[in-house]
2 protein chains.
Amino acid sequence: MASRPKPHDHAACVSDAMARAEHICAETGARFTPLRRRVLERIWAGHKPTGAYEILEDLGRDDGKPVAPVTVYRALDFLMAHGLVHRLNSLNAFIGCPRAGAGHEAVFLICEDCKRVAEIDDPAVGETLARDAADQGFSVSTQMIEVMGRCPDCQAAAHG
Amino acid sequence: MASRPKPHDHAACVSDAMARAEHICAETGARFTPLRRRVLERIWAGHKPTGAYEILEDLGRDDGKPVAPVTVYRALDFLMAHGLVHRLNSLNAFIGCPRAGAGHEAVFLICEDCKRVAEIDDPAVGETLARDAADQGFSVSTQMIEVMGRCPDCQAAAHG
DNA sequence: TGATGTAATGTAACGTTATAACGTGTCAAT
DNA sequence: ATTGACACGTTATAACGTTACATTACATCA
Ligand SMILES: [Zn+2]
Ligand SMILES: [Zn+2]
Ligand SMILES: [Zn+2]
Ligand SMILES: [Zn+2]
């Protein structure tokens, strides 16, 4: 509790993300419907990996009317297709992309303690993998790189 | 169908894997029980990613007596703990490790067409990731790197 | 040998994650 | 108004994974 390295104005962080989404959808002619907006908002709200059923429950809580799984998954598919969220395969969860729009190969640093995720983008990683794949005659379409470990805060908290 | 680049003597490939498993378990004092052996055999049999329930059904078919999911998962946990199989998170499936014993950070090349998987091990990838993580003050415990794309055979088959 | 402790497996129920199949509403272009 | 594309609703089911507790196998030692 001593230091707060990054104040992280989360309200701004969320509204930025929504504005970016709006912009991207407008550009591509994609329909950023209320449902999709709500799902994206919900994902950004906690700023950490969020399960589909977690979203589902929250949407249902918001306005009584229960939501079906498929509804959420469809929205998630849309958001992923437009690069607005990523799926974390090791967690069966989704997280907002802080660099939406840039068609990127991301690397995720997932804290095993607090579950927070940092998305970094080192082109060298993708290049190395592409080269390795090419050596095998393998042509790459997409990558999934998830690194588990401990974030700085949680290391400090464990003050080991 | 024209060329067969690698004849791949699969019988030998499987029996090698089983022998390695035997050896590793003997060394570490782990019990390579009949159940665990059957699960590992089943995974190697197809030489491609195999779902837990696929294994489950085959075990049940073998000797009438149905097998419960938990039984399979327990065996899989054991096999993973001893580095004999890997889990492919993007497929919810398991595959035998061709380099069992070496505690390694593997990279998986997964063919989206034929589902075959090549396991490669380029230390540079892990090093780069570790450095990237360190830059963020993040300490790495494990990694998961899965590359989707097309294997040489399937590229040839599509003769694009 | 039989008692004892530990690891492995059996059994039943349950929980979580994801998709299939088909119907209805919405909206814009012709 | 008709058409067609797309989003969303509804229901059911598939696929994946775990909890809790009972039983059995196996080694160790009194
Ligand atoms: Zn934020
Ligand atoms: Zn943390
Ligand atoms: Zn083989
Ligand atoms: Zn292939």
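Naming convention: chains lettered A, B, ... in sequence-line order (proteins, then strands); numbering from 1 in each chain.
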Q) Could you state the CG-P distance from A/Asp77 to C/dT17, rounded to the nearest angstrom? A) 16 Å

Q: Starting from C1' on D/dA7, measure out to CG on A/Leu59 and report it in whole angstrom.
A: 15 Å

(Q) Distance check needed: C/dT19 P versus A/Met80 CE, whole Å only. (A) 9 Å

Q) Quick one: B/Leu79 CG to C/dA8 C1', roughly how many Å, whole number? A) 13 Å

(Q) Between P on C/dA8 and CZ on B/Arg38, what's the gap in Å once rounded to a whole number? (A) 17 Å

**Q.** Shortest non-hydrogen contact from A/Pro49 toward A/Leu88
**A.** CG-CD1, 3.6 Å

Q: Start with the C-alpha distance between A/Arg37 and A/Leu40, add both sets of side-chain angles, then the distance that settles side-chain contact (heavy atoms from CB on, under 4.5 Å), and finish with yes or no.
A: CA-CA 5 Å; A/Arg37 164 180 289 277; A/Leu40 185 57; 5.9 Å; no

Q.
Over all strands shown, is B/Arg74 touching base, sugar-phosphate only, or nothing at heavy-atom distances under 4.0 angstrom?
A. base

Q. Linking I/L/V/M/F/W/Y whenever their side-chain heavy atoms sit closer than 4.5 Å, directly or via other members, would B/Leu91 and B/Leu109 fall into one cluster?
A. no

**Q.** Side-chain N,O (B/Arg87) to OP1/OP2 (D/dG17) below 4.0 Å
**A.** yes

Q: For B/Tyr73 and for A/Phe78, locate the closest nucleotide of DNA chain D by heavy-atom distance; then report the residue assigned to the nucleotide nearer the 5' terminus.
A: A/Phe78

Q. Quick one: A/Ile55 CD1 to C/dA18 C1', roughly how many Å, whole number?
A. 13 Å

Q. By centroid distance (under 5.5 Å) and plane angle (under 30°), are B/Tyr53 and D/dC16 in a stacked arrangement?
A. yes

Q.
Let's see if you can work this out: which of D/dG17, C/dA8, D/dT11 has an atom nearest to the side-chain heavy atoms of A/Ala68?
A. D/dT11

(Q) So if I take every side-chain heavy atom of B/Pro69 and compare against D/dG17, C/dA8, C/dT17, which nucleotide ends up nearest? (A) D/dG17

Q.
So B/Thr71, base contact, sugar-phosphate only, or nothing? Heavy-atom distance under 4.0 Å.
A. base

(Q) In this structure, how many angstroms lie between the P atom of D/dC8 and the CG atom of A/Asp63, rounded? (A) 14 Å

(Q) Nearest whole Å is fine: how far is C/dT16 C1' from A/Phe94 CZ? (A) 13 Å

(Q) Whether A/Arg99 and A/Glu119 form a salt bridge (side-chain N of Lys/Arg under 4.0 Å from carboxylate O of Asp/Glu) is what I want to check. (A) yes

(Q) If you assign A/Gly51 and A/Val70 each to the DNA chain C nucleotide with the nearest heavy atom, which residue ends up on the more 5' nucleotide? (A) A/Gly51

Q | B/Tyr73 and B/Phe94 aromatic ring geometry - parallel, tilted or perpendicular at 30°/60° bounds | A | perpendicular

Q) If you find the nucleotide of DNA chain D closest to B/Ala93 and the one closest to A/Arg31, which residue's nucleotide is nearer the 5' end? A) A/Arg31

Q. Are any of B/Asn92's side-chain N or O atoms less than 4.0 Å away from OP1 or OP2 of D/dG17?
A. yes

